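The next block holds one structure in the form of structure tokens; read it before the comments.
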Amino acid sequence: MPERASLTVVVPAYNEAAVLEEFHARLAGVLDALDVDGRVLYIDDGSRDATWALIEHLAARDARVTGLKLARNFGKELALTAGLDHVDADAALIIDADLQDPPELIPDFVARWREGFDVVYGQRLQRDGETWLKKATAAGFYRVMQRLSSTQIPADTGDFRLMSRRALDALHGLRERHRFMKGLFAWVGFRQVALAYRRDARAAGTSKFNYWKLWNFAIEGITSFSTAPLRIATYVGLLTAFGAFVFAAWIVAKTLLWGEPVAGYPTIMTAILFLGGAQLMALGVIGEYLGRLYMESKARPLYLIDTLIGARPACAAPQT
Ligand code: UDP
Ligand code: MG
């Protein structure tokens, strides 16, 4: 870590005029006491209220503040991506504008970063002001995600986290369009550590996520980090095809042995079952290739290096 390290606090804000002043006052107090070169980057994600005017006002008053206004509402994941792309500091810390993530915890994040961790993620011990339904669906989602995806996404984490420069650079290499940020943060790897905290209730304003949005968010997460649903379709297809072939064979055998009173039934049934089975199998095969194509199209880096010790090989293979 450099002598006087710099830290940019990235704050996505969508219609947050009701809390922004209070948020900034609390954040500024924390940054004042911190011995890093702290800055704040507000991203206005196409707000329709006074959020942008407030950000301009804050920037005029406080030299540490920069603002970024997106052309329309792109959603939190893309607002975060835009914000992180614009960070040139030694580390970035993501925090919600609604004071659910207490800014007073920032010194703890910085302390873990100083210890050498690249990613310090907040892990919610308790969620105040949220219904049991939201908590239960969230728990279920993390369980499904953990089973389906090979990237281990820690449970109960939000976007409240600090990322070192090299983790940010690595994240910058992931340019896929469907961005499930929690998964991408985990995919990067490096030295990660959890920091437990109590998530408060929203200070003012309303949540931007309803159950429909959360459902879509869950589908996004599962399909971005796993092709398991395609694989399941393949197995269901194979199983049905197998059943169809067995049944067709049975009808043929039965007709040969005992005859069939309904003329045409065995031929039609066998043809339908055979064609249906063959089609399902072919679909499964196409699904497998499609899954591979999908993963390739993300063009993620194949690996990321943490450390290299010893001299580099004298005749290193050319980089392709
Ligand atoms: N947010 C955003 N764009 C959106 C939705 C939300 O930038 O389209 C921001 C919002 O302003 C807040 C953070 O993302 O700072 C979390 O949103 P919210 O509090 O509504 O989510 P919840 O805490 O209810 O999951
Ligand atoms: Mg919130």
Side-chain angles (χ1 to χ4, degrees), residues 8-27 40-55 58 65-87 92-103 105-106 121-142 145 153 155-162 177-185 197-221:
T8 300
V9 179
V10 175
V11 193
Y14 176 50
N15 295 341
E16 299 288 5
V19 282
L20 218 55
E21 286 271 8
E22 189 192 342
F23 171 81
H24 189 72
R26 263 173 74 178
L27 178 65
V40 192
L41 171 59
Y42 286 105
I43 300 109
D44 177 7
D45 187 14
S47 299
R48 281 185 299 264
D49 65 356
T51 300
W52 180 246
L54 271 168
I55 294 172
L58 291 173
V65 174
T66 28
L68 193 70
K69 183 174 160 68
L70 298 187
R72 62 169 170 85
N73 180 245
F74 282 91
K76 186 180 180 188
E77 312 289 294
L78 293 180
L80 280 179
T81 306
L84 293 176
D85 282 349
H86 283 80
V87 171
L93 183 133
I94 303 166
I95 188 169
D96 283 359
D98 58 3
L99 288 169
Q100 282 196 283
D101 308 326
L105 281 174
I106 293 177
Y121 55 88
Q123 196 156 33
R124 301 177 281 243
L125 276 181
Q126 199 179 326
R127 297 168 146 206
D128 287 343
E130 291 190 284
T131 58
W132 67 266
L133 186 62
K134 184 155 179 184
K135 288 183 220 176
T137 46
F141 167 70
Y142 284 113
M145 207 56 214
I153 297 166
D156 268 326
T157 55
D159 295 318
F160 191 23
R161 65 181 64 227
L162 181 145
R177 273 148 199 286
H178 288 266
R179 302 182 73 78
F180 180 66
M181 293 303 272
K182 281 183 223 206
L184 297 179
F185 293 141
Y197 76 107
R198 261 191 57 182
R199 189 159 159 93
D200 296 327
R202 215 174 213 287
T206 51
S207 172
K208 313 299 180 290
F209 289 91
N210 51 35
Y211 282 104
W212 178 240
K213 270 194 177 177
L214 285 174
W215 169 248
N216 284 319
F217 186 64
I219 291 180
E220 186 76 53

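Indexing begins at 1, ligand by ligand and atom by atom, following the structure's order. On a predicted model such as this, the values are computed, not experimentally measured, just so you know.
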- prompt: When you measure from the side chain of Tyr142 to the backbone N and O of Thr157, does any donor-acceptor pair fall under 3.5 Å?
  reply: yes
- prompt: Does any N or O in the side chain of Thr66 come within less than 3.5 Å of the main-chain N or O of Tyr42, such that one atom is a donor and the other an acceptor?
  reply: no
task: Name the orientation class of the two ring planes belonging to Phe217 and Phe141 (parallel below 30°, tilted from 30 to 60°, perpendicular beyond 60°).
output: tilted
- prompt: Parallel, tilted or perpendicular: which describes the rings of Phe160 and Tyr197, with under 30° parallel and over 60° perpendicular?
  reply: perpendicular
- request: Kindly indicate whether the side chain of Leu84, heavy atoms from C-beta on, has any atom under 4.5 Å from the side chain of Ile94.
  value: yes
- prompt: Which atoms form the tightest heavy-atom contact between Asp200 and Pro102, and what is the distance?
  reply: OD2-CG, 4.0 Å
message: Check for me whether Arg72 meets the cation-pi criterion with Phe74, that is, NZ or CZ under 6.0 Å from the six-membered ring centre and within 45 degrees of the ring axis.
response: yes
Worked check of side chain to side chain contact (heavy atoms under 4.5 Å, CB included) between Lys182 and Phe180: CA-CA 6 Å; Lys182 281 183 223 206; Phe180 180 66; 4.1 Å; yes
Find all protein N or O atoms under 3.5 angstrom from an N or O atom of ligand 1 and list the pairs with distances, or write 'none'.
unit_1: ligand 1; atom_1: 3 (N); unit_2: Asp45; atom_2: OD2; d: 2.6
unit_1: ligand 1; atom_1: 8 (O); unit_2: Asp45; atom_2: OD2; d: 3.3
unit_1: ligand 1; atom_1: 8 (O); unit_2: Asn73; atom_2: ND2; d: 3.1
unit_1: ligand 1; atom_1: 11 (O); unit_2: Tyr14; atom_2: N; d: 2.8
unit_1: ligand 1; atom_1: 11 (O); unit_2: Glu16; atom_2: OE2; d: 2.6
unit_1: ligand 1; atom_1: 15 (O); unit_2: Pro12; atom_2: O; d: 2.8
unit_1: ligand 1; atom_1: 15 (O); unit_2: Ala97; atom_2: N; d: 3.0
unit_1: ligand 1; atom_1: 19 (O); unit_2: Asp98; atom_2: OD2; d: 2.6
unit_1: ligand 1; atom_1: 19 (O); unit_2: Arg202; atom_2: NH2; d: 2.9
unit_1: ligand 1; atom_1: 20 (O); unit_2: Arg202; atom_2: NH2; d: 3.3
unit_1: ligand 1; atom_1: 20 (O); unit_2: Lys208; atom_2: N; d: 2.6
unit_1: ligand 1; atom_1: 23 (O); unit_2: Gln100; atom_2: OE1; d: 2.6
unit_1: ligand 1; atom_1: 23 (O); unit_2: Arg199; atom_2: NH2; d: 2.8
unit_1: ligand 1; atom_1: 24 (O); unit_2: Ser207; atom_2: OG; d: 2.5

Test: Asp96 and Arg202 ion pair at under 4.0 Å: no
- line: Within a strict 2.8 Å cut-off of the Mg ion (ligand 2), protein N/O/S atoms tallied 2
